[in-house]
Amino acid sequence: MDRIVVTGGNRLEGRVAVAGAKNSVLPMIAAALLTDDQVNLFDIPPLDDVFTIGEVLQRLGADVRLHQPGTVTIRAGDLESCEAPYDLVRKMRASALVMGPLLARLGRAKLPLPGGCAIGSRPIDLHIKGLRALGAIIEAGHGFFEARAGRLRGNRLYLDYPSVGATENLLMAATLAEGVTVIENAAEEPEVADLAALLRKMGARILGAGTKVIRVEGVERLGGASHRAIPDRIEAGTYMVAAAITGGDVYVANAMAEHLDPVIAKLTECGALVIEDAGGVRVVGPDRPRATNVKTLPYPGFPTDMQPQFMALLTLADGSSVITETVFENRFMHVPEFERMGAEIIADGRTAIVKGVPRLSGAPVRATDLRAGAALVLAGLAAEGETDVWGVHHLDRGYVNIEGKLRSLGAKVARVEDRLLARRSS
Ligand code: UD1
């Protein structure tokens with residue numbers, strides 16, 4: 001029951017470094033199932049989501065070791081199971097990424113049906129449809145998908161929507177399929193290209209990852225490899241908004257500007273000064289942000305994972321902004337929490353109108369998901385008085401030491417463990 005207590009009003013200044021990208025690392029760990037050789041991954045952030053996928057692999061029988069600083073070694077020699085455990089898949093939906101590799105390597109996979117989550121129904125129908133087109137027989141029953149296949153066969157796959165997870169699952173499955181697979185309308189996210197870079201080092205033949213059409217020529221086997229994950233563009237974007245919302249001046253080291261184009265464009269429209277160089281991005285915040293409209297889209301559009309943080313910024317803008325969420329059906333759960341802090345927002349379906357107010361007031365609020373939690377911390381940095389952000393476990397899924405990094409920039413942020421509650425429940 002930890003919470004983060006933010007005392008607002010400090011202008012952030014200094015340098016902060018972002019970690020390896022969580023959303024690259026999760027599929028990369030799953031990709032290690034494709035070989036019985038050792039896979040070494042570097043710049044691995046010590047996040048709860050990373051531990052969860054590591055545990056999924058361990059339960060399948062892989063040897064997963066986390067070494068300091070940030071190195072993971074995985075050897076999926078003899079796998080004992082082909083079932084992704086329900087308790088872990090419920091906790092983190094990206095666990096579904098083991099399905100493609102398991103099918104390709106073992107010809108069997110068992111995965112719990114996805115169920116609901118905080119930001120919408122999040123089905124995996126596109127993963128299933130694609131795997132079936134590669135020759136898998138997949139049946140649903142008793143809350144699980146059960147899949148089996150001989151050697152998968154390459155095919156032409158068209159994704160009805162450029163789903164990141166479906167693209168990654170199918171890409172991994174196709175590496176060991178017989179013949180050529182073409183994934184059309186594929187997700188173009190940098191994390192897909194990063195996964196493909198690892199797979200190529202393992203011996204896969206892939207062209208076009210990071211574009212809408214990916215071509216994979218299947219090989220008989222993949223081997224071990226070593227790879228360093230790209231920097232996390234969402235963590236970088238979050239600190240860039242932290243600079244903007246406090247009128248600060250922050251250099252975000254490791255931020256790759258080419259992965260952050262829409263975020264940089266929108267920060268500039270809000271009046272921030274953004275200076276890019278080879279080592280990172282510097283953001284100098286405006287006295288007061290200007291209103292602007294934001295529409296989330298698949299990459300290279302504006303990332304849905306930055307939508308709550310931008311809403312935090314726009315609550316304080318001079319004027320009204322329209323935020324349209326097109327990626328997830330239910331990603332405005334943070335709106336009532338911002339309202340508790342004095343924000344004026346009208347949300348209807350996938351659209352929110354944010355009428356900027358001159359100031360927010362600190363309040364107790366609850367993080368409903370990972371990025372909503374980050375957004376509430378950002379709002380707290382700019383609010384008057386104290387903001388208690390509950391539900392910190394969400395933040396630990398995706399941010400390495402967020403309170404320490406913000407403190408190093410001059411913010412007043414502390415993590416408080418609710419010992420009384422901990423004692424009562426023990
Ligand atoms: C990934 C990211 C997540 C990010 C999201 C969108 C990881 C581990 N997570 O999630 O942080 O918010 O991309 O950028 O990389 N959909 C279907 N059927 C499917 C698959 C997806 O309808 O089979 C829908 C989803 O419900 C959602 C949309 O497609 O509305 C996008 O989902 P997707 O791109 O698959 O996101 P994830 O891979 O789950």
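The figures here come from the full heavy-atom set of this structure, side chains too, leaving out hydrogens, waters and symmetry mates. Whatever order the structure lists them in is the order used to number ligands and atoms, beginning at 1.
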*By number and element, which atoms of ligand 1 are closer than 4.0 Å to a non-hydrogen atom of Asp305?*
3 (C), 4 (C), 11 (O), 12 (O)
*Side-chain donor-acceptor pair under 3.5 Å between Asn185 and Tyr161, yes or no?*
no
*Please determine if Val327 has a nitrogen or oxygen closer than 3.5 Å to a nitrogen or oxygen of ligand 1.*
yes
*Compute the shortest N/O to N/O distance between Glu168 and ligand 1 and return yes if it is under 3.5 Å, no if not.*
no
*What about Gly165: any of its N or O atoms under 3.5 Å from an N or O on ligand 1?*
yes
*asked:* So is Pro123 touching ligand 1 or not, going by heavy atoms under 4.0 Å?
replied: yes
*Which of the ligand 1 atoms, numbered from 1, are nearer than 4.0 Å to a heavy atom of Thr304*: 6 (C), 12 (O), 14 (O)
_Geometry only, no angles: is Glu329 polar-contacting ligand 1 at N/O separations under 3.5 Å?_
no
*Does any N or O atom in Leu126 lie less than 3.5 angstrom from one in ligand 1, N or O only?*
yes
*asked:* Any carboxylate oxygen within less than 4.0 angstrom of a Lys/Arg side-chain nitrogen, looking at Arg407 and Glu403?
replied: no
_Is it true that Gln38 and Asn40 share a donor-acceptor pair across their side chains at a distance under 3.5 Å?_
yes
*By salt bridge (charged side-chain N to carboxylate O under 4.0 Å, His left out) - contacts of Glu220 (at least two apart)*: Arg151
*Would you check whether His127 reaches within less than 4.0 Å of ligand 1, judged by its heavy atoms?*
yes
*Does a side-chain N-to-carboxylate-O contact under 4.0 Å join Lys212 and Glu188?*
yes
*Val164, portion touching ligand 1 at heavy-atom distance under 4.0 Å*: both
_Do the side chains of Asp48 and Lys91 get close enough for a salt bridge, i.e. N-O under 4.0 angstrom?_
no
*ligand 1-proximal atoms of Ser163, by part, heavy-atom distance under 4.0 Å*: both
_salt_bridge(Arg371, Asp369) N-O dist < 4.0 Å_ = no
*If you measure from each heavy atom of Arg331 to ligand 1, is any distance below 4.0 Å?*
yes
*With sequence neighbours left out, what residues match Lys201 under salt bridge (charged side-chain N to carboxylate O under 4.0 Å, His left out)?*
none
*Considering the heavy atoms of Tyr161, write down every atom of ligand 1 situated less than 4.0 Å from one of them.*
28 (C), 29 (O), 31 (C)
*Using a 4.0 Å heavy-atom threshold (strictly under), name the region of Ile128 that reaches ligand 1: side chain, backbone, both or neither.*
neither
_Side-chain H-bond candidate by donor/acceptor type, Glu191 with Ser24, under 3.5 Å_ = no
